[in-house]
Structures are given as structure tokens and as C-alpha cells.
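Values reported hereafter were calculated over all heavy atoms of this structure, with side chains retained and with hydrogens, waters and symmetry mates removed. In the text below, chain A, chain B and the rest are named by the order of the sequence lines, each starting its count at 1.
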There are 2 protein chains.
Amino acid sequence: MESKTAEISKAAFLRFPAYLRYLQAEAAAGVSYVSSSEIAEDMHLSAVCVRKDLALVASEPGKPRLGFAVGKLIGDLERTLGYHLKTHACVVGAGRLGRAFLVYDGFEHYGIDVVAAFDISPAQVGALHGKPIYPMERLKEIAEREEVRLGILTVPGEAAQKACDAMVEAGITSILSFAPAYVRVPAGVTLRCEDLAATLASLLAEAGKGGI
Amino acid sequence: MESKTAEISKAAFLRFPAYLRYLQAEAAAGVSYVSSSEIAEDMHLSAVCVRKDLALVASEPGKPRLGFAVGKLIGDLERTLGYHLKTHACVVGAGRLGRAFLVYDGFEHYGIDVVAAFDISPAQVGALHGKPIYPMERLKEIAEREEVRLGILTVPGEAAQKACDAMVEAGITSILSFAPAYVRVPAGVTLRCEDLAATLASLLAEAGKGGI
DNA sequence: CTCTAATCGATATTTTTTTATCGATTTACA
DNA sequence: TGTAAATCGATAAAAAAATATCGATTAGAG
């Protein structure tokens, strides 16, 4: 018997965080029920698409003429997205971007706890807002001790592959890379590359011709 | 007659930056020709998909038994992605993340020039690495003077909508938001939300069940 | 209490995207 | 120089995702 989450399409899964954000805003505005057509209009989607997506996560069906209970949906989405699962993360590369992630306090609500950063430069070693910054040599030791499964890679492009290899060696199985470089990971490790400059450029292209 | 770029599918366009990164790495390694099957294997895609994608951008066809000329492809991709077009950008919200973007020197190769940052707090106003940080009141003035079309939104969630409105008012037509909030923009403005925490969480979900 | 209007959810259709198949081409090597 | 192996590109098929259609349901107005 397949679990319910397995049936969720990739595309829909990618939209869930946006629904969640929207619903949180509605909840903050005191709205208790919201219809799929309202969501669709506000989020620039089709109402059918919204209904299909919500049907994948909603623990109780929408009520005709009313819509969906906002609070309930928020809980359903958070559970589906795994925000209740606690995970330890680390930052590799304590430059400006890395340090921004190290002290960012917005991860907690998503079950992610950034426990440390690592850097190859002794000048960066120390701590920031109570979060330790270690030399790269200690990555494996600390990551294993703290059971770190998630790594945020924020090193310069030329250092990316080496740092990534070290993360894999340290037992990290999910890597989010902001390094401007192509990096290779072995099977079993999930890598996502966030190419900030490329994202900006594609955004411009999208604006230029109205919808990628 | 439709322009050639109009035929490029959304999904393919999103893969282009990854190809570019890969090819740059190959070029740096001294490789001059690369076949679609090699690319596919390294990037965990199907060879057919790679060939179809490359056919969309390649200015000269691939050669049987050799593959594609790496240098040529790099140029083709950069042109398709619009990296030759110069655009002025600004950062709104000069916190840690915003300041990281302000001084990041990796945008240049993508035709993006971050000319200034803005912040509501007078404590942040000044300059960083020669890049000015202005008070929010001057956003419209500066953005219009510098012809800023692209904005990077890095304010706290509760300030996001107001800051976004100010950006739209200032004539900015493409916004990349890192603010953890739902923000609404009028038609004609392209908004993309990068939800870092959500990205991390989805990465974990992906790793957890092997492929989103 | 009844009727209306709006919404839901299921099924069907269309569109988009990915993958498969296959002949044509051509480089490298014997 | 001829042959073989590997690649390309085009066409076709399959899969995935978005969109349309429609009867069932129900809150709320009259």
C-alpha cells in the first residue's frame, strides 16, 4: 500500500509552500474560510489546479459555498511538507552569505536547526550569535556528533567541489548549494543548486517575454 | 513569425543554467567537445532530453561521434539566457542577507549590476564596498535615476508587502523576494519568491523519498 | 421553509513535457 | 580506404500536468 504522499506530483509539491504562505497571511488577516477560486485569483493559478492540489493534502474536504478551513489547511500543509520533523543543518563557507544563513532565525518553524558553520579560513573561526564556526577539518567530527543531515554550501565556486566532497564524507545527505559552480555528488546524496545570478537572469527573461 | 526563443519550454529554460555551469566546468578542464550522453550521465538526465534542450539553443548542430563544441554552446546558452543584457538591480533590506547580495561580485557575469541597497533603518545607511545604502525614502528617486528594473527583496516578513509596494511604485518590474511572507504584486510586475526554509524542507522531503 | 447561487470533487480532455525508437551521418581506426 | 561504432536529429509514443466540464452539495437570502 502506497503512502498518500507518494501520490503527490512534483509540480504540486513545489506549489505547497506558496499555498502555506498565502494561507498564513489570510489567517493573520482573520479569515477562517477561503475558497479555491479566491486562492486561485490571488495566486494567479487556475481554480481547478488549486482544488486538485488541496485535495492532495486536505484532511477534511472543502465545504461547498464556504471553501476550506484556513487553520486546518495550514496544519495539513505543514505536515505534508515535513515541517514537524527536526533536522540539524550546517553551513559550509562562513562568508557573508554563509553567516547570513548561520544567524537567520527563520528556519526554526520549518524544523531546521542550523547548529554550526565551517570555514577553511582561520580568520572566520569563532562564533556568531552563539552559533559556532569551526575550521573545515572538524566538519566530519562535528557533523557526526550532531547528526547533521543537511548542509548549506556557500563557498566560492573554485572551492565548491572539494567542500562538497567533505560534506558527503561527513555523512551529509542533502546539500543546498549556492556556490557558482557545477558540483558532482555520488548517488544517495541529494543536491540542489540555487544559482542566484541565474535566477535573477531568468526572472528578467520571464518579465521580458511575459511568462517563462 | 515567432521568435526562436518563444518556442523554448519553461522546463527546458530552467535547465539551461545547469547546462551552462556544467559546460563551464568542462571547458575549464580542457574539454572541447562533449556528447549529449556524457552530459546526461553527469547531470542525471536522459540523453534525449539533453539533445532536445541543446537543439533549442545550439547555433551549430552537434557532430556525430563527437558531440557539441563546448565553447560554442557556452556562448549560445549565455545569449539565450540574456547574460549579455545589462540590467541595474537594487537590494531592498540591508540586513545580513541583503548586504551579502550587495557586495556579491558574482552577478557581473550575468549582466546584473547591483547599484545600491535601501533600508528603513538609519543605522544601516551608508555604504559597503563602495556600494551605497540609502534610506527607503530615496528608493523611487534613485531607482528612476539609475534605471533600476530588478529588485532583490530581503526584508523581514512583516515589512515585505510595504517594501514591495514601494519597489513597484519606484518602477521596478522584476522582484526576487527572499522575504518569508506572501506578497501581492500588480499585473505587469514579475515576482519570484525564494523561500529558503521551504527549499531546505523540500530538499529533505526529496531526499527522504528519493526524488520529488 | 424553499430556492438560488456558489462551491466542491470527480471525470474527461487538452496541453505540455519527457522518453523511446530509428535511420542518417561521420569520425576514428584497422 | 573501407568498416564499425557512436552520435545526432527527427518522428512517434508515453507520461505528467494543467485545464475544462458537470452533477452533487450546501450556506444563505428571501
On the nucleotide C:dG9, are OP1 or OP2 found under 4.0 Å from the side-chain N or O atoms that A:Arg51 carries?
no
Heavy-atom nearest nucleotide on DNA chain C for A:Ser36 versus B:Leu45: which residue maps closer to 5'?
A:Ser36
With a cut-off of less than 4.0 Å, is there a side-chain N or O of B:Ser46 near OP1 or OP2 of C:dA20?
no
Inspect the surroundings of CD1 in A:Ile120 and state if more than 12 heavy atoms from other residues, nucleotides or ligands are less than 6.0 Å away.
no
OP1 or OP2 of C:dC8 versus the side-chain N and O atoms of A:Ser35: is any pair under 4.0 Å?
no
Would you mind reading off the distance between A:Arg15 atom CZ and D:dA17 atom C1', rounded to a whole angstrom?
8 Å
Rounded distance (Å) that lies between atom C1' of D:dT7 and atom CD of B:Glu38:
11 Å
Taking CD1 from B:Ile8 and C1' from C:dT18, how many angstroms apart are they, rounded to a whole number?
17 Å
Side-chain contact check for A:Lys52: nearest option of C:dA28, C:dT19, D:dT19 is D:dT19
Heavy-atom distance under 4.5 Å between the side chains of A:Asp76 and A:Phe68, does that happen here?
no
Return the value, rounded to whole Å, for the distance between atom CG of A:Leu56 and atom P of C:dC8.
15 Å
Is the shortest heavy-atom distance from the side chain of B:Ile112 to the side chain of B:Tyr83 under 4.5 Å?
no
Closest approach to the side chain of A:Val48, judged atom by atom: which nucleotide of C:dT17, D:dA20, C:dA20 is it?
D:dA20
Any idea how B:Phe107 and B:Phe101 line up, ring-wise: parallel (<30°), tilted (30 to 60°), or perpendicular (>60°)?
tilted
Roughly how many Å is it from CG in A:Leu14 to P in C:dT17, rounded to a whole number?
15 Å
Option passing side chain to side chain donor-acceptor pair (under 3.5 Å) with A:Tyr33 (candidates A:Lys63, A:Lys72, A:Arg65)
A:Lys63
Would you mind reading off the distance between A:Lys63 atom NZ and D:dG28 atom C1', rounded to a whole angstrom?
14 Å
Would you mind classifying the nucleic acid contact of B:Phe68 as base, sugar-phosphate or nothing, using non-hydrogen atoms under 4.0 angstrom?
sugar-phosphate
Atom-pair distance (CG on B:Leu66; C1' on D:dG9), nearest Å
16 Å
Of the candidates D:dG9, C:dT26, D:dC8, the side chain of B:Arg65 sits closest to C:dT26
Taking for each residue the nucleotide of DNA chain D with the nearest heavy atom, is it A:Ala12 or B:Glu60 whose nucleotide lies nearer the 5' end?
B:Glu60
Whole-Å gap separating P (C:dT16) and CG (B:Asp53):
17 Å
Counting heavy atoms from C-beta on, name the nucleotide in C:dT7, D:dA27, D:dC8 closest to the side chain of A:Pro64.
C:dT7
